[in-house]
K.L.:
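Before we start, here is the structure in question, set down as structure tokens.
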2 protein chains.
Amino acid sequence: MVTLAEVAQHAGVSASTVSYVLSGKRSISATTRQRVERSIRELGYHPNAGARALASSRSNIIALMVPLRTDMYVPVMMEIAIAVATTARTHGYDVLLLTGEEGPDAVRRVAGSGLADGMILMDVELDDERLPLLRGARQPAVLIGLPADTEGLTCVDLDFKATGALCVEHLAERGHRDVAVIGEAPAVYERHTGFAERTLDGLRGRARELGLRLLHRPCEGGYDAMAVTLARILDERPGTTGFVVQNESAVEPLLALLRQQGRAVPEDVSVVAVCPEQVAVQASVRLTSVAIPAQEMGRHAVEQLVAKLGGRGGDEVVLLAPELTVRASSGPAPLP
Amino acid sequence: MVTLAEVAQHAGVSASTVSYVLSGKRSISATTRQRVERSIRELGYHPNAGARALASSRSNIIALMVPLRTDMYVPVMMEIAIAVATTARTHGYDVLLLTGEEGPDAVRRVAGSGLADGMILMDVELDDERLPLLRGARQPAVLIGLPADTEGLTCVDLDFKATGALCVEHLAERGHRDVAVIGEAPAVYERHTGFAERTLDGLRGRARELGLRLLHRPCEGGYDAMAVTLARILDERPGTTGFVVQNESAVEPLLALLRQQGRAVPEDVSVVAVCPEQVAVQASVRLTSVAIPAQEMGRHAVEQLVAKLGGRGGDEVVLLAPELTVRASSGPAPLP
DNA sequence: GAACACTGTCGAAGCGCTTCGACAGCCTCT
DNA sequence: AGAGGCTGTCGAAGCGCTTCGACAGTGTTC
């Protein structure tokens, strides 16, 4: 282990000078800087993270709490996590991976021990039990997702209400009057996950304004669950010509079932999905969809957090505008 | 910030005594222990991670390097990562999330700075450029995956060779003679990712032994790529009745295409997949499959690493035995 | 009952870094 | 020419913890 002191000795300067070369917090003459940098390279010096954290009371670590459940939108989570990790690195931070398992205790532990300088929470519930802790903490935090009360919190999310509205508009413009929504698994609604409810709000609100009939049904992923859900929908509303799907793992089963029943997409029925680009493009019918901008969400969250750590920027709610891409799964409603 | 010294004062003992209560490295009388524990609780004390790391030169952090690419088996990666994080916590470790982006530099940085006590690498290539660094490092490491040369390394992986063999055996037993393998994307083979090649080894070896004809075709995920691949396969080997699929995102397209062409599963053709349980169960036909035991791999990797950190256990290669579960997608070969 | 071994506690010395105040040397201004 | 202001460097004081050696006090052994 090479230490700062050894570098200093090798370069013929004091330890503090080396430290200032590293941090840039005081001006250093060009010649000295070069000498020090050379010594650092020659000795293969790496600053000790623990010592640094102790002396500066900053760890340069961001904690990321991911949900323990792997029952929904896993690829989105992963993409966000990776975006967080890479963006954090560009700002000089590393990322600590926490699972939701410990719940509020994890927040206390990380904040109390100074392990991380700030945290990013994913999968926030409308009335999350970690929120009071965050509001009272000296550690800044950013949420990915939107709780019921955002007072004193910084949040980043896709504007799911606008997303819902956008889907309905798209179908309405093409003449669809009866639209069914294949929602997330029932558990997701019971848990009051914000995005699911907000999407529904947007769907319903716009449907009302535009005079569409909307039927919402939660649905576990998978073929069997989708089969049951679809049968019920068509039983109740045989005239349904538009589908909005929010559950990734219901997309492909839905397409298979429709095909099987002789309903052509997009000639007979239109399907609009809310899902990552990749899913939309790889589906058996290229899907008209509103993309979930996972990378952008991760990136934004880190940048908000870094700003707060730097004393800049206050509490703010950033809602990313949804974008609908028209592909092969939607078209004009068939003539009655 | 409550410090050790404050706890000590509150409890009327010396700082070292509090430290020993916390670590259990020296015996402490029951009464003293209780007094100290009470003070800790009352003051809400959390040991400072940086100070701890500095004084003990152990950070109690494990670094996990995940691949940057999100082009393959994302749910598997995520499941492993979560299993690593939760298992690590049960051993008192936190997990630092590194993306492959930095490559070997990340290894140097983490090892050099003492940020982590050890590391777990996922998505190891057969001849990974990080391996020499790991062999020379004082930090223990565990690989999830198997490089060409495992000398001096500890590895955990599914026995993909046995997995390939198992798939072939299953089809052979049911009378299939012409089997096609839908492999991972070409890029995966070009990158010489171990598991893909080892699966192929297993498939080919066993097929030769059992006298099956085997046709292997890499395939990008998605419907369009699968359509092209399938057409080529059936063109070249019209008598194909068995499919082994290794690429998750080709599974559903394959089923859709077969259905579309009037080939019934499992009456006309049998499909065996290598994929996580969830995919197999949720597919439009419940798939006969060899599960990828993501959780178990993550858990094992942590346990190996913790053992090495504790000075126990040496270099070892753990290959988990594959298990094939028969579901609805495979049956006897049709009579010619 | 002297010699010895435990047990439980303490004090002090760092771990490697950051950062504050000090200050030498030089430049600029009047 | 002296006062004042910069610039670049240094020394020293911690940051909060672990851990080593020391040592009272008690129990055990012949």
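This structure is a prediction, so every number in the text was calculated from the model and none was measured.
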K.L.:
Does A:R38 CZ have over 12 foreign heavy atoms under 6.0 Å away?
P.N.:
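Atom CZ in A:R38 is not packed in, count stays at 12 or less.
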
K.L.:
Taking A:Q139 for its side chain and A:A116 for its backbone only, find out whether a donor-acceptor pair lies under 3.5 Å.
P.N.:
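Yes.
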
K.L.:
Taking all non-hydrogen atoms of both residues into account, name the closest pair between B:Y45 and B:T3 and its distance.
P.N.:
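Smallest heavy-atom distance, with atoms named: CE1-C, 3.6 Å.
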
K.L.:
For B:R33 and for A:H46, locate the closest nucleotide of DNA chain C by heavy-atom distance; then report the residue assigned to the nucleotide nearer the 5' terminus.
P.N.:
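Here B:R33 is the residue nearer the 5' end.
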
K.L.:
Given atom CG of B:L54 and atom P of C:dG16, what is their separation to the nearest angstrom?
P.N.:
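It is 7 Å, rounded to the nearest whole Å.
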
K.L.:
Output the rounded distance in Å from CZ (B:R35) to P (C:dG8).
P.N.:
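Result: 14 Å.
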
K.L.:
So does B:D127 have more than 12 non-hydrogen atoms from other groups sitting under 6.0 Å from CG?
P.N.:
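Not more than 12 within 6.0 Å, no.
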
K.L.:
Under 4.0 Å, heavy atom to any atom of DNA chain D: which of residues 17-30 of chain A qualify?
P.N.:
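A:T17, A:Y20, A:R26, A:S27, A:I28, A:S29 - these, ordered by number, are the residues of the stretch whose heavy atoms sit under 4.0 Å from the strand.
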
K.L.:
When the distance from CG of B:L4 to P of C:dG11 is rounded to whole Å, what number comes out?
P.N.:
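Answer to the nearest Å: 14 Å.
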
K.L.:
Out of C:dG16, C:dC15, C:dC10, which nucleotide sits closest to the side chain of B:A55?
P.N.:
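Closest nucleotide to the B:A55 side chain: C:dC15.
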
K.L.:
Considering non-hydrogen atoms only, spot the tightest contact between B:A106 and B:M65 and give its length.
P.N.:
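The pair with the smallest heavy-atom distance is CB-CE, 4.1 Å.
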
K.L.:
Nearest whole angstrom, please: distance from the P of C:dG16 to the CZ of B:R58.
P.N.:
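B:R58 atom CZ is separated from C:dG16 atom P by 16 Å.
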
K.L.:
Below 4.0 angstrom from OP1 or OP2 of C:dT18, is there any side-chain N or O of A:S56?
P.N.:
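Answer no for this pair, as no side-chain N or O of A:S56 is under 4.0 Å from OP1 or OP2.
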
K.L.:
Mind calculating the distance between CG (B:N48) and C1' (D:dG14) to the nearest angstrom?
P.N.:
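One finds 14 Å between C1' of D:dG14 and CG of B:N48, rounded.
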
K.L.:
Bend angle of the helix from C:dG1-D:dC30 to C:dT30-D:dA1 from five-pair axes at both ends, rounded to 10°?
P.N.:
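Between the first-five-pair axis and the last-five-pair axis there is 30°.
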
K.L.:
Among A:L64, A:T90, A:I120, which residue satisfies the side-chain contact (heavy atoms from CB on, under 4.5 Å) criterion with A:V302?
P.N.:
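Among the candidates, only A:I120 passes.
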
K.L.:
On DNA chain D, compare the nucleotides closest to B:R52 and A:V13; which residue's is nearer the 5' end?
P.N.:
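Its nearest nucleotide lies further toward 5', so the answer is A:V13.
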
K.L.:
Measure CD/A:Q34 against C1'/D:dG8 and give the value in whole Å, please.
P.N.:
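Between C1' of D:dG8 and CD of A:Q34: 15 Å.
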
K.L.:
Measure CD/A:Q9 against P/D:dC10 and give the value in whole Å, please.
P.N.:
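Taking CD of A:Q9 and P of D:dC10, I get 13 Å after rounding.
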
K.L.:
With a sphere of 6.0 Å drawn around CD of A:E125, does it hold more than 12 non-hydrogen atoms of other residues, nucleotides or ligands?
P.N.:
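Atom CD in A:E125 is crowded, with more than 12 foreign heavy atoms closer than 6.0 Å.
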
K.L.:
Among C:dC10, D:dG16, C:dT19, find the nucleotide with the atom closest to the side chain of A:S16.
P.N.:
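Per side-chain heavy atoms of A:S16, the pick is C:dT19.
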
K.L.:
Using whole Å, what does the distance between atom C1' of nucleotide D:dC17 and atom CD1 of B:I40 come to?
P.N.:
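Rounded to the whole Å, the gap is 13 Å.
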
K.L.:
Salt bridge between A:R89 and B:E101, side-chain N to carboxylate O under 4.0 Å?
P.N.:
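The answer is no: the pair does not qualify as a salt bridge.
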
K.L.:
Run through A:V318, A:I62, A:T154 and flag the one making a side-chain contact (heavy atoms from CB on, under 4.5 Å) with A:V142.
P.N.:
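Among the candidates, only A:T154 passes.
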
